[in-house]
Amino acid sequence: MDAVTVHDLHFAYPENTEVLDGVDFTIKEGETVVLAGLSGSGKTTLTNIICGVIPQLIRGTISGQVQLFGEDVIGKTPAELTGKVALVFQDSDEQLICTTVEDELAFGPENLCIAPAEITTMIDTALQRYHLSEFRHRDPAHLSGGQKKMVALASVSMLNPQLIIFDEPLSGLDEDGRTLVAELLMELKAAGQTVIIVEHDLTAVTAGIADRWLVLADGHIAAFDEPRQLLTSKLLYDLELMFDD
Ligand SMILES: Nc1ncnc2c1ncn2[C@@H]1O[C@H](COP(=O)(O)OP(=O)(O)OP(=O)(O)O)[C@@H](O)[C@H]1O
Ligand SMILES: [Mg+2]
């Protein structure tokens, strides 16, 4: 099944030239795709459209088609897309708002009025799945960068999103944090989760994780192929998105 279908997508912010100028691609269910491109190429804009943030909360002129698992996205609010797509923010401190990991995990389900006993079971499962059991009563603010990322992922996973988008999950983390998050991404992949990872640069880490690299440049998809195909292409060097470690 197709997870994400984008067809002839155009978008411009008010009083701005077009950021996305005819974008087409399809991501299959279970794929891990790294979305790369220079700063300002429109990565966040594109993921905000997929999440319903644009044009519902951030306005602009949009045309074209975006479907998530066969359902049209444009015009739906982020709340209406709960269960379809979830975003793990670049800055975990912006995402994590509660003073214990347990409360953080309960937050989404409580808003959906799920029964407390059921929420407790869901929390137990998530803590185990994301190796967070020992942090249950800890304040996320006091955890390491990598651990915060895991709490953020566990918290968005509570509502079983069909697609998870990570905005620069490796940025700002130390080596241990990067290893932790990379392992987590591999576990999600093994579990068949559909994932989009937004990254500035194409790295050895994402070459090992990604099924395909999706490269955005000048409002278009400049490349969409397996890392081993793209690593030998001149394009990535021309775009200065080459291998950085
Ligand atoms: N809310 C906004 N209003 C007007 N212009 C915006 C807005 N957000 C982004 N832009 C512009 O749209 C273009 C694409 O920005 P976007 O943030 O999507 O790029 P990006 O690839 O995510 O960049 P980065 O790698 O720096 O995060 C840029 O020219 C940016 O200045
Ligand atoms: Mg961005």
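Read the numbers this way: they start at 1 and go in the same order the structure lists the ligands and their atoms. Because only heavy atoms are used, hydrogens play no part in the values below, and waters and symmetry mates are left out as well, while side chains stay in.
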Taking non-hydrogen atoms only, is [X] closer than 4.0 angstrom to ligand 1 via side chain, backbone, both or neither?
X: Asn16; value: side chain
X: Thr45; value: both
X: Leu46; value: neither

Between [Y] and [X], is there a salt bridge with N-O shorter than 4.0 Å?
X: Lys28; Y: Asp2; answer: no
X: Lys189; Y: Asp211; answer: yes
X: Arg136; Y: Asp124; answer: yes

Inset, instruction - Evaluate the 4.0 Å heavy atom contact test for atom 30 (C) of ligand 1: does a protein atom fall under the cut-off? - result: no
Verify atom 21 (O) of ligand 1: protein non-hydrogen atom under 4.0 angstrom away: yes
Hey, is the main chain of Thr32 close enough, under 3.5 Å, to the side chain of Gln193 for a donor-acceptor pair?
no
**Report entry** Within-shell test, Ser41 vs ligand 1, heavy atom, strictly < 4.0 Å
**Finding:** yes
Check your understanding: Does some non-hydrogen atom of Leu38 fall short of 4.0 Å from ligand 1?
Key -> yes
Nearest heavy-atom contact between Glu80 and Gly75 is OE1-O, 4.2 Å
Tightest non-hydrogen contact, residues Thr26 and Phe224, listed as O-CE2, 3.4 Å
When clusters are formed by joining ILVMFWY residues with side-chain heavy atoms under 4.5 Å apart, either directly or through shared neighbours, do Ile97 and Ile119 land in the same one? no
Worksheet item: Is it the case that more than 12 heavy atoms not belonging to His220 sit under 6.0 Å from its NE2 atom?
Response: yes
- Query: Does CG in Asn111 sit with more than 12 non-hydrogen atoms of other residues, nucleotides or ligands closer than 6.0 Å?
  - Reply: yes
Distance from [atom] to nearest protein heavy atom, with residue and atom:
atom: atom 10 (N) of ligand 1; result: Tyr13 CE1, 3.3 Å
atom: atom 25 (O) of ligand 1; result: Lys43 NZ, 2.7 Å
atom: atom 17 (O) of ligand 1; result: Thr44 CB, 3.8 Å

**Prompt:** Is Gly42 close to ligand 1, meaning an N/O of one under 3.5 Å from an N/O of the other?
**Reply:** yes
With a cut-off of 2.8 Å, does Thr47 place any N/O/S atom under that distance from the Mg ion (ligand 2)?
-> no
Nearest heavy atom to atom 26 (O) of ligand 1, choosing from Ser171, Gly40, Ser39, belongs to Ser39
